[in-house]
Amino acid sequence: MTTMTETSARFREFKMPDVGEGLTEAEILKWFVQPGDTVTDGQVVCEVETAKAAVELPIPFDGVVHELRFPEGTTVDVGQVIIAIDVAPGSGDAPAPAAAAPVQEPAAEPEAEAEPKGRTPVLVGYGVAESSTKRRPRKGAAAAPEAAAVAAAVQAELNGHGAPAAPTPAPAVPVQGGRPLAKPPVRKLAKDLGIDLATVVPTGKDGIITREDVHAAAAPAAPEAPAAVASPVAPAPAVAEAPAVVSDSARETRIPVKGVRKAIAQAMVGSAFTAPHVTEFVTVDVTRTMKLVAELKEDKDMAGVRVNPLLVIAKALLVAIKRNPEVNAAWDEANQEIVQKHYVNLGIAAATPRGLIVPNIKDAHDKTLPQLAQALGELVTTARDGKTSPAAMAGGTVTITNVGVFGVDTGTPILNPGESAILAVGAIKLQPWVHKGKVKPRQVTTLALSFDHRLVDGELGSKVLADVAAILEQPKRLITWA
């Protein structure tokens, strides 16, 4: 019989790491191993999707897979155990996998407390992050009976009457330091919905209020059909139980909003209602630019890289930023400062099966044209393959979105959060144009520049857009203005 001490030494647990900057959860997309499989240090065991990207997770030790704690499609909090590995197979009979709900086991707590103070361990993403905060102490087992008692009382009311007959005091909610227990995203959700967390009945582990609890508190009652009203303290179904696409009828399809698409929605709403957007437009003759693109394709120095109009447009924007460096900045709301960047991390909006993402080319301002072409090609290929890392999408300063590939003339792009400007490039079309006093067919496109009016005024924004247009009309300015 294997003792508890031997078991703890024999089995190693791998927790969901923070694969980005402060992310709190990730969805398990696919398991690459099953119980009984042998794994080695560094072997990828699963793919997860965060609010930023899909990431493959390597296991940090050798052994045999003993248990997968969560099925595919489940959203797991950072820090929860997702897989158990038998690091000493054959040393004795292994205990059967736990039949309890897949949650982080209390036995893992001492290990977490033993880690150096002020450091948060991660395996992928950005390494070990410094932190000045301590782990929030757990409420212990006392909170669970209290929550269960509240659940029983509420369920009894619903089963007996469909709704309480008279107003009753709000149930006691576990608190810490005078505040109900909830994660920051849940607090923000409650604030947005106008819900007082002190009135919400928690269903999470140790009395923590979940998103479902807040939504349940915000949902209107349905007295005409009491049997269909879900108990406000009933646990929400696991993510894995809901298919990726839920069809209610032949007339409509409902798609859960999560992962990258959810992050996009939140970021765009935040950007649109935080930064005062201004968009300016210019239509320009790019015939000479298209001739330059054709010549570059035949240039031996550009062999092996993809050459297209976007490459020249990107270089033109970089030159315009060099001539107008004040546009390359960010607004620091906390410190009430404008932060001017002396580098350009050029974002390129890319459409992927998981939604629109904006990876960026680090230090694009320092790259030669062939280097920029290579970086653009790698960025697009990685994005299409769904392999873009969170690091590749962090730290952007200015973005280009090419709506012209869809045949669209122009648009009013929304700023990527934290950036100062975004340039939309429309379709390049053969159009009648007055050239040297005569109407001739010319290659024409429309550019749209949106910028944050808190730090970019109309004059500065106009100069940047005018410089980009002037370079595309006369691409020799890439040399004379560089």
Side-chain angles (χ1 to χ4, degrees), residues 17-24 26 49-55 78 120 122-131 259-260 263-264 266-268 270-272 274-275 277 310 314-315 317-322 324-335 337-352 354-367 371-372 374-383 386-402 413-423 449-452 454-456 464:
D18 178 358
V19 295
E21 296 176 316
L23 297 177
T24 61
E49 182 180 36
T50 70
K52 294 185 176 182
V55 179
V78 169
T120 303
V122 295
L123 288 174
V124 294
Y126 297 91
V128 178
E130 296 293 336
S131 172
V260 173
I264 293 169
Q266 293 173 340
M268 291 299 98
S271 176
T274 301
H277 284 57
L310 180 60
K315 193 64 175 179
L317 178 58
L318 292 171
V319 172
I321 293 173
K322 182 178 180 180
N324 305 275
E326 297 86 358
V327 75
N328 189 43
W331 183 270
D332 187 340
E333 180 66 27
N335 296 313
E337 294 175 340
I338 293 175
V339 183
Q340 292 191 354
K341 309 293 180 66
H342 304 303
Y343 58 90
V344 181
N345 289 345
L346 183 62
I348 304 294
T352 72
R354 291 191 177 95
L356 182 71
I357 63 174
V358 188
N360 59 77
I361 300 172
K362 310 299 183 187
D363 294 325
H365 63 290
D366 281 340
K367 297 189 182 298
Q371 291 172 339
L372 187 61
Q374 181 177 359
L376 276 171
E378 293 173 352
L379 179 148
V380 172
T381 300
T382 303
K387 302 299 183 182
T388 302
S389 68
M393 293 185 284
T397 60
V398 176
T399 289
I400 296 177
T401 176
N402 186 8
I414 296 177
L415 292 169
N416 201 33
E419 299 183 8
S420 59
I422 179 171
L423 178 70
L449 182 72
S450 290
F451 48 87
D452 186 340
R454 294 174 298 180
L455 48 89
V456 180
V464 173

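Residue numbers count from 1 along this sequence. These values consider heavy atoms only, across backbone and side chains, with no hydrogens, waters or symmetry-generated copies.
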side-chain contact (heavy atoms from CB on, under 4.5 Å) evaluation trace for S420 with V398: CA-CA 6 Å; S420 59; V398 176; 4.0 Å; yes

Where L346 and A314 come nearest, the two heavy atoms and their spacing: CD2-CB, 3.8 Å

Euclidean distance, K322 NZ relative to N328 CG, rounded to 0.5 Å: 13.5 Å

P390 versus V55, closest heavy-atom pair with distance: CD-CG2, 3.8 Å

pair L318-L372: side-chain heavy atoms closer than 4.5 Å: yes

Nearest heavy atoms of P413 and T401, plus distance in Å: CB-CG2, 4.1 Å

H277 side chain vs S450 backbone, donor-acceptor pair below 3.5 Å: no

Among V339, V327, V344, the one residue meeting side-chain contact (heavy atoms from CB on, under 4.5 Å) with T397: V344

From CG (L379) to NZ (K362), nearest 0.5 Å: 10.0 Å

From Q340 atom CD to L455 atom CG, the distance as rounded to the nearest 0.5 Å: 9.0 Å

Rounded distance (nearest 0.5 Å) linking atom OG1 of T381 with atom NZ of K387: 13.5 Å

Any side-chain heavy-atom pair of D363 and N345 under 4.5 Å: yes

Between NZ on residue K315 and CG on residue L317, distance to nearest 0.5 Å: 11.0 Å

Nearest heavy-atom neighbours spanning A383 and A350: CB-CB, 3.9 Å

Atom of A392, atom of T388 and distance for their closest heavy-atom approach: CB-CG2, 3.9 Å

Minimum side-chain heavy-atom gap I422-I414 below 4.5 Å: no

Candidate pair H365 and I321, rule side-chain contact (heavy atoms from CB on, under 4.5 Å), full reasoning: CA-CA 9 Å; H365 63 290; I321 293 173; over 6 Å; no

CD1 on I348 to CD1 on I400, rounded to 0.5 Å: 4.5 Å

Residue pair K341 / E419, side-chain heavy-atom distance below 4.5 Å: no

Heavy-atom pair of closest approach, residues M393 and I357: SD-CB, 3.7 Å

